[in-house]
Number of protein chains: 2
Amino acid sequence: MPNVRAEALRALTQDCFQAAGCPSGDAELIARLMVLSNLRGHDSHGVRQMPRYLRNIQDGHTMPHTEMTVVRDTPSLAILDANRAMGHVAATRAMELAISKARQMHISAVGVRNLDHIGRIGAYPEMAAEQGMVGLCFTATLGPASIVTPYGGVQGRFATNPISACFPVPQGDPVLLDFATSVVAANKIRQALDRGKEADEGWMIDRQGRPVRDPQAFIDREAVMLPLGGPRGYKGYGLAVLVEILAGILTGAGTFATLRDRSNTNNVSFLIVIDPTALVSREYYEREILSLVEYLHDTEVRPGDPPVLIPGEYEGNQQRQREVEGIVIEEPVWNAIQEAAANLGVAVPTPVP
Amino acid sequence: MPNVRAEALRALTQDCFQAAGCPSGDAELIARLMVLSNLRGHDSHGVRQMPRYLRNIQDGHTMPHTEMTVVRDTPSLAILDANRAMGHVAATRAMELAISKARQMHISAVGVRNLDHIGRIGAYPEMAAEQGMVGLCFTATLGPASIVTPYGGVQGRFATNPISACFPVPQGDPVLLDFATSVVAANKIRQALDRGKEADEGWMIDRQGRPVRDPQAFIDREAVMLPLGGPRGYKGYGLAVLVEILAGILTGAGTFATLRDRSNTNNVSFLIVIDPTALVSREYYEREILSLVEYLHDTEVRPGDPPVLIPGEYEGNQQRQREVEGIVIEEPVWNAIQEAAANLGVAVPTPVP
């Protein structure tokens with residue numbers, strides 16, 4: 001499979017979005033965040049999405065220029081309407097605003113609506129943590145793709161409604177949560193299909209409530225995903241509702257209940273930022289979080305098992321490895337990227353053999 | 001089993017805490033919240049805890065008078081040290097403070113530490129929702145009882161670290177989440193023991209990582225609980241870490257990493273309150289949340305299955321039923337309550353036959 005260095009991949013991605021009409025600063029940001037998804041081990045949200053994002057711009061669904069409208073603005077809160085901007089750019093602006101409000105007001109919340117897919121949602125809380133802040137992100141996807149059923153149902157009512165949170169750790173990987181409130185991310189099912197494999201037991205059911213393992217049934221809308229928790233799926237369902245209200249209603253975007261006939265699907269996000277040093281001293285915070293990290297690392301494991309990871313350590317390990325070894329891209333994904341670049345007249349780097 | 005009316009149970013509980021030295025207003029609040037746990041279907045956190053709480057007061061672990069110290073106070077944030085007050089009283093004061101700050105500042109966070117068990121954590125976000133606010137509560141329990149293992153480990157590192165959130169719904173049950181980030185609440189295992197039953201598969205493992213179903217092994221500290229999520233247990237683990245940092249570190253209380261030798265176990269809580277009308281109009285919020293509730297109720301189910309519940313609807317249904325039918329209390333629990341009351345010279349109501 002082709003192996004491309006992060007730097008070359010960033011240049012390619014930036015060139016493509018610039019050629020598609022994005023301002024160079026925006027294109028650089030999009031490229032940085034997309035390649036960061038690959039570096040941090042989440043290929044599903046990385047450059048494989050590039051052809052789709054470019055198509056959205058070419059089709060007029062996504063605007064290459066970001067013109068955000070401030071719908072609501074108080075010292076601690078805001079709602080931004082992204083007017084169909086690129087998700088990465090709009091969500092970054094929203095997080096920057098939340099960080100600057102939290103710096104002034106100690107805690108803030110910013111909602112952003114009407115934007116394209118924001119990619120890996122962990123990227124935004126990470127921005128807060130890079131500045132010493134605690135960041136939270138709740139993201140819903142509105143539109144026709146209601147693919148997750150409430151607990152006890154057999155019909156889609158939500159998207160995978162992921163949650164992310166990031167806490168700064170001095171001289172170490174930040175503590176990072178980033179996961180779907182459904183059993184798995186939808187892309188795991190698409191990945192199973194690509195690889196000719198079955199989905200795991202417990203991921204999907206059909207309209208009769210019977211377990212489904214054929215990923216094609218999901219693509220054909222004959223199966224829905226279950227909420228996180230298996231027999232305790234009411235917990236994942238509860239979290240999905242939480243995300244739906246915070247990201248859907250508190251941003252003024254709406255929910256599947258009111259927008260289910262919409263033809264376009266958009267990420268809507270609700271961000272919360274807290275300045276931990278407004279509560280405890282920086283020294284105390286750093287000492288305590290380092291102790292916690294060490295304590296979790298020291299957890300006893302089964303003989304022969306790998307040590308317990310801190311949430312976010314997987315991402316840090318992947319990034320260190322891929323910065324050195326390059327990013328391996330599946331053949332069909334690389335072909336689609338090459339094609340998208342060629343259409344825009346952008347030169348494609350030669351993969352490392 | 002004895003059946004006691006809510007009103008009689010409240011009077012009994014109030015009398016006991018007053019006899020134990022609590023001011024009458026505090027005793028009334030404690031009684032109201034404890035009986036509300038029973039009414040709302042969570043007997044594990046209701047009056048069965050009364051003898052334990054009274055013993056904590058008698059042993060000097062819990063102070064009957066609430067004298068809170070304001071450790072940190074900004075317009076949007078605060079940390080309160082409860083100086084070993086009753087949990088229900090201290091957490092209520094903390095939530096009231098968070099609500100009043102959110103009314104002024106639109107979003108607020110309040111941490112409260114050094115307090116006894118706060119009971120059903122959903123009660124506090126419910127207070128926010130009753131005043132039209134969105135309330136969140138993250139609660140850790142510090143002390144020797146680290147009973148939940150990180151994902152991939154075989155050793156306890158956390159308590160069950162529950163999360164609660166509540167959203168107001170006009171003329172209806174509020175949307176309420178209230179659950180442990182472990183597979184189940186610890187009390188489910190104790191309940192299994194009381195009833196002579198086995199724990200479910202997937203709840204516990206021993207130090208060799210083998211599944212355990214005998215609840216006695218948990219009591220004997222030979223088994224630990226798994227985080228929410230089964231094969232996706234890294235999600236429950238991530239949520240447990242989130243709670244540990246918010247409730248432990250951001251309140252200045254510490255975590256198991258630094259406090260694991262402590263002899264007393266205390267709930268520490270981190271509360272976030274958001275005024276939704278600072279973001280969207282009350283009219284819009286109400287219309288959208290009612291649409292969402294209706295939409296979720298309309299979810300297709302398997303033929304013969306009960307309809308999908310809104311998170312929090314179980315609690316509402318239980319309350320409506322138990323307000324009318326009374327609260328059934330297990331014989332040994334009722335005996336322990338009678339004994340505790342007798343020790344304080346408090347008269348006990350006669351259960352309905």
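Letters A, B, ... mirror the listed sequences (proteins, then strands); counts begin at 1.
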- Would you say the side chain of A/Ile289 lies within less than 4.5 Å of the side chain of B/Ile249, judging by non-hydrogen atoms?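 When only atoms from C-beta onward are counted, A/Ile289 and B/Ile249 do touch, with a gap below 4.5 Å.
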
- Query: Looking at A/Gly152, A/Gly111, A/Pro307, which makes the most heavy-atom pairs under 4.5 Å with chain B?
  - Reply: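 Most heavy-atom pairs within the cutoff with chain B belong to A/Gly152.
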
- Partner set under side-chain contact (heavy atoms from CB on, under 4.5 Å) for A/Val154, not counting sequence neighbours: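 Listed in chain order: A/Ile205, A/Arg207, B/Glu300, B/Arg302.
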
- Message: Can a donor-acceptor pair be found, under 3.5 Å and without considering hydrogens, that links the side chain of A/Tyr284 to the backbone of B/Gly252?
- Response: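 It does hold such a pair.
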
- CD of A/Glu283: more than 12 outside heavy atoms within 6.0 angstrom?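 It does not: A/Glu283 CD has 12 such atoms or fewer within range.
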
- Heavy-atom closest contact (B/Glu288 atom, A/Thr255 atom, distance):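 What the structure gives for the nearest pair is OE1-N, 3.7 Å.
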
- Query: At a heavy-atom separation under 4.5 Å, does A/Ala78 approach chain B through its side chain, its backbone, both, or neither?
  - Reply: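 Backbone of A/Ala78 only, per the 4.5 Å heavy-atom cut-off to chain B.
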
- Query: Backbone N or O of A/Gly229 within a donor-acceptor pair of the B/Lys235 side chain at under 3.5 Å?
  - Reply: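 The answer is no, because no donor-acceptor pair under 3.5 Å joins these two groups.
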
- Derivation and outcome, side-chain contact (heavy atoms from CB on, under 4.5 Å), residues B/Leu250 and A/Tyr285: CA-CA 7 Å; B/Leu250 294 198; A/Tyr285 174 85; 4.0 Å; yes

- Message: Would A/Arg157 and B/Tyr295 count as a cation-pi pair here, with the cationic atom under 6.0 angstrom from the ring centre and within 45° of the axis?
- Response: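 Yes.
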
- Query: So what's closer than 4.5 Å to chain B heavy atoms on A/Ser164: side chain, backbone, both or neither?
  - Reply: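 It is neither, since no heavy atom gets under 4.5 Å.
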
- Item | Most chain B-contacting option - heavy-atom pairs closer than 4.5 Å, from A/Leu292, A/Asp178, A/Ile245 |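 Most pairs with chain B among the choices: A/Ile245.
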
- Item | Heavy-atom neighbours of A/Gln104 CD exceed 12 at 6.0 Å |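 Incorrect, the count does not exceed 12.
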
- Message: Between B/Phe256 and A/Leu296, is there a side-chain heavy-atom distance shorter than 4.5 Å?
- Response: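 Of all side-chain heavy-atom pairs linking B/Phe256 with A/Leu296, none is under 4.5 Å.
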
- Is it the backbone or the side chain of B/Ile163 that comes under 4.5 Å from a heavy atom of chain A, or both, or neither?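 No part of it gets close to chain A.
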
- Contact class of A/Ile274 relative to chain B, heavy atoms under 4.5 angstrom: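 It is the side chain, since no backbone atom gets that close.
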
- Task: Report the C-alpha separation of B/Thr299 and A/Tyr151 in whole Å, then their side-chain angles, then the decisive distance to 0.1 Å, and conclude whether the side-chain contact (heavy atoms from CB on, under 4.5 Å) test is met.
- Result: CA-CA 10 Å; B/Thr299 308; A/Tyr151 183 69; over 6 Å; no

- Item | Proximity breakdown for A/Ile107 and chain B, heavy-atom pairs closer than 4.5 Å |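 Both parts, backbone and side chain.
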
- Task: With a 4.5 angstrom heavy-atom cut-off, could you sort out which part of A/Glu244 is near chain B: side chain, backbone, both or neither?
- Result: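 Contact with chain B: side chain only.
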
- Task: Heavy atoms only, distances under 4.5 angstrom: which of A/Gly230, A/Gly156, A/Gly254, A/Gly233 has the most pairs with chain B? Name it, please.
- Result: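 Counting heavy-atom pairs under 4.5 Å, the top option is A/Gly254.
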
- Minimum heavy-atom separation for B/His106 to A/Thr74, with atom names?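 Looking at all heavy atoms of both residues, the shortest contact is ND1-OG1, 3.0 Å.
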
- Query: Is chain B contacted by the side chain of A/Val71, its backbone, both, or neither, given a heavy-atom distance below 4.5 Å?
  - Reply: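 No part of A/Val71 comes within 4.5 Å of chain B.
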
- Heavy-atom proximity to chain B below 4.5 Å, by part of A/Ile272: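 Just its side chain gets close to chain B.
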
- Item | Close side-chain approach of B/Thr251 and A/Leu279, heavy atoms under 4.5 Å |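 A side-chain contact is absent here, since even the closest heavy-atom pair is not under 4.5 Å.
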
- Item | Shortest non-hydrogen contact between A/Ala257 and B/Ser291, atoms and distance |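 What the structure gives for the nearest pair is CB-O, 3.4 Å.
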
- Query: Does the side chain of A/Leu239 reach to within under 4.5 Å of the side chain of B/Leu239, using non-hydrogen atoms?
  - Reply: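 Side-chain contact under 4.5 Å: yes.
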
- Can you say whether B/Leu177 sits under 4.5 Å from chain A via the side chain, the backbone, both, or neither, judging by heavy atoms?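 Side chain of B/Leu177 only, per the 4.5 Å heavy-atom cut-off to chain A.
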
- For A/Phe270, is it the side chain, the backbone, both, or neither that has a heavy atom closer than 4.5 Å to a heavy atom of chain B?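 For A/Phe270, the contact with chain B is made by the side chain alone.
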
- So which part of A/Asp298 gets closer than 4.5 Å to some heavy atom of chain B, the side chain, the backbone, both or neither?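 Answer is both: backbone and side chain atoms of A/Asp298 are under 4.5 Å from chain B.
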
- What are the two closest heavy atoms between A/Gly238 and B/Pro311, and how far apart are they?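 Shortest heavy-atom separation between A/Gly238 and B/Pro311 comes out as CA-CG, 4.1 Å.
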
- Query: So, does A/Ser76 use its side chain to make a donor-acceptor pair with the main chain of B/Met105 at under 3.5 Å?
  - Reply: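 Yes.
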
- Considering only heavy atoms from C-beta outward, does the side chain of A/Val308 approach that of B/Tyr237 to under 4.5 Å?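 Side-chain contact under 4.5 Å: yes.
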
- Message: Is A/Ser108 close to chain B through its backbone or its side chain, or both, or neither, when contacts mean heavy atoms under 4.5 Å?
- Response: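 Contact with chain B is through the backbone of A/Ser108 alone.
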
- Query: Do the side chains of A/Phe167 and B/Val241 get nearer than 4.5 Å, heavy atoms only?
  - Reply: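 When only atoms from C-beta onward are counted, A/Phe167 and B/Val241 do not touch, as no gap falls below 4.5 Å.
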
- Do any N or O atoms from the side chain of B/Arg72 and from the backbone of A/Val280 form a donor-acceptor pair under 3.5 angstrom?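 No, B/Arg72 side chain to A/Val280 backbone: no donor-acceptor pair under 3.5 Å.
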
